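Here is the structure we will look at.
Keep in mind it's a predicted model, so treat the numbers as computed, not measured. Position 1 is the first residue of the sequence; numbering continues from there.
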Amino acid sequence: MHIEPVDPAPGQAFPRAVLRQRWQDLTFLHWAVAPETVAPLLPAGTRPDTLDGITYVGLIGFRMVGLGLGWGPGVPYLGTFWETNVRLYSVDDTGRRAVVFRSLDASRLVPVLVARLSLGLPYMWSAMRLDRDGDCLTYRCRRRWPGPIGTTSRLVVRVGAPIAEPTPLEHFVTARWGLHTRAYGRTLHLPNWHPRWPLHRAELRHLDDELVTAAGLPAVTGPPVSVLYSPGVPVRFGPPVGVRRAG
């Protein structure tokens with residue numbers, strides 16, 4: 001099976017956008033994990049994507065801005081909110097690389113309900129905020145629904161210099177052009193596109209997180225192998241397609 005390359009700047013692979021949004025003030029934390037640890041957590045027809053035999057679990061905080069349908073402006077108020085995601089890295093039987101979300105905490109209830117009902121995505125309603133003090137950012141999250149209620153996360157990073165040429169690992173965990181999800185008895189691939197990431201080095205100053213373990217993953221130990229920041233990108237999503245299983 002041919003697996004698509006890790007391409008940091010591909011062309012848009014779908015003819016029309018069904019959703020538009022902007023992701024801002026993103027912090028990416030990643031830890032290495034054995035593929036066999038996360039394989040049972042992925043949708044049917046997918047398996048862990050690896051780099052040199054290792055896969056990764058990511059904790060990503062950011063601001064969603066201007067979420068709306070592909071042919072119109074962003075939805076006022078409801079289309080802008082904070083998110084914190086726990087995600088894994090997948091490849092399907094046709095060779096498409098993607099992410100699999102184990103949880104997506106968001107600070108607006110209506111988008112949470114729509115995403116859960118339409119695509120089966122594990123969105124959670126949470127109280128969230130981002131505080132900025134110079135080049136230091138503090139992301140806070142406390143889950144409201146559906147649970148575990150009261151699950152929290154707090155991470156503090158210091159943003160550093162821009163990255164002229166990301167490493168293979170930095171491309172691997174950021175150059176992702178779709179997601180895999182399980183909805184209504186089918187595994188789906190939802191493609192996305194955005195310009196190449198503007199990435200910065202970042203330093204993790206503090207982490208107190210319960211989201212990773214609440215997502216069914218082992219507790220992360222030790223410092224992350226990668227800490228990155230991005231001011232953000234505009235994003236388009238194409239229509240979902242079913243994942244065909246080999247054999």
Side-chain angles (χ1 to χ4, degrees), residues 21-31 33 38 41 56-67 74-89 99-159 173-174 179 181-182 202-232 235:
Q21 55 203 246
R22 182 174 180 85
W23 301 334
Q24 290 185 184
D25 290 319
L26 301 98
T27 288
F28 303 83
L29 306 182
H30 284 93
W31 291 265
V33 63
V38 301
L41 304 177
Y56 296 87
V57 55
L59 179 68
I60 295 93
F62 68 102
R63 189 179 187 219
M64 173 82 76
V65 177
L67 171 64
V75 178
Y77 180 72
L78 293 176
T80 297
F81 48 90
W82 296 110
E83 278 201 33
T84 302
N85 300 335
V86 176
R87 74 187 196 185
L88 304 174
Y89 296 89
V99 301
V100 171
F101 291 107
R102 292 295 299 168
S103 65
L104 306 98
D105 286 76
S107 60
R108 295 273 189 259
L109 179 57
V110 171
V112 165
L113 296 175
V114 171
R116 289 177 72 94
L117 290 171
S118 61
L119 290 170
L121 289 167
Y123 264 92
M124 316 290 177
W125 182 37
S126 297
M128 304 182 69
R129 60 185 286 188
L130 169 63
D131 296 316
R132 185 189 298 270
D133 181 8
D135 57 3
C136 285
L137 304 177
T138 300
Y139 300 77
R140 293 182 173 89
C141 174
R142 178 177 292 274
R143 188 168 294 169
R144 290 170 162 165
W145 178 88
I149 295 171
T151 299
T152 63
S153 181
R154 178 175 178 267
L155 68 94
V156 183
V157 295
R158 179 180 179 273
V159 179
V173 296
T174 60
L179 66 88
T181 185
R182 188 76 177 170
E203 175 192 358
L204 180 62
R205 292 290 186 88
H206 176 83
L207 177 65
D208 184 6
D209 177 75
E210 299 173 338
L211 297 179
V212 171
T213 53
L217 292 155
V220 293
T221 58
V225 297
S226 174
V227 183
L228 299 170
Y229 169 82
S230 177
V235 186

> Does Trp82 offer a backbone N or O that forms a donor-acceptor pair with the side chain of Ser107 under 3.5 Å?
Replying inline: yes
> Are any side-chain N or O atoms of Glu210 and backbone N or O atoms of Thr152, one a donor and one an acceptor, separated by less than 3.5 Å?
Replying inline: yes
Kindly compute the distance separating [atom1] ([X]) from [atom2] ([Y]), expressed to the nearest 0.5 Å.
X: Leu121; Y: Phe101; atom1: CG; atom2: CZ; answer: 7.5 Å
X: Asp209; Y: Leu29; atom1: CG; atom2: CG; answer: 8.5 Å
X: Leu130; Y: Arg140; atom1: CG; atom2: CZ; answer: 9.5 Å
X: Leu155; Y: Asp208; atom1: CG; atom2: CG; answer: 10.0 Å
X: Leu67; Y: Arg22; atom1: CG; atom2: CZ; answer: 14.5 Å
X: Leu113; Y: Tyr123; atom1: CG; atom2: OH; answer: 12.0 Å

> Should the pair Tyr89 and His30 be assigned to parallel (<30°), tilted (30 to 60°) or perpendicular (>60°) ring geometry?
Replying inline: tilted
[Y] and [X], any side-chain heavy atoms less than 4.5 Å apart:
X: Leu41; Y: Leu217; answer: yes
X: Pro224; Y: Leu204; answer: yes
X: Arg132; Y: Asp25; answer: yes
X: Pro111; Y: Met64; answer: no
X: Arg108; Y: Val112; answer: no
X: Trp23; Y: Arg63; answer: no
X: Val157; Y: Tyr229; answer: no

Non-hydrogen atoms of [X] and [Y] that approach each other most closely:
X: Leu59; Y: Ser153; result: CD2-OG, 4.3 Å
X: Val220; Y: Trp31; result: CG1-CD2, 3.6 Å
X: Glu83; Y: Ala106; result: CG-CB, 3.9 Å
X: Thr213; Y: Pro218; result: CG2-C, 4.2 Å
X: Phe62; Y: Asn85; result: CE2-ND2, 3.3 Å
X: Thr80; Y: Val65; result: OG1-CA, 3.7 Å

>> For a side-chain contact (heavy atoms from CB on, under 4.5 Å) check, start with the C-alpha distance between Ser126 and Thr84, then their side-chain angles and the critical distance, and finish with the verdict.
In response: CA-CA 9 Å; Ser126 297; Thr84 302; over 6 Å; no
> If we ignore angles and hydrogens, is there a donor and acceptor under 3.5 Å between the side chains of Tyr139 and Thr27?
Replying inline: yes
>> Please check if the number of heavy atoms outside Asp133 that lie under 6.0 Å from its CG is greater than 12.
In response: no
>> Checking Leu88 against Val57 for the side-chain contact (heavy atoms from CB on, under 4.5 Å) test, could you report, in this order, the C-alpha distance in whole Å, the side-chain angles of both residues, the deciding distance, and whether it holds?
In response: CA-CA 5 Å; Leu88 304 174; Val57 55; 4.0 Å; yes
> Looking at Arg143, Arg87, Arg142, which one forms a salt bridge (charged side-chain N to carboxylate O under 4.0 Å, His left out) with Asp105?
Replying inline: Arg143
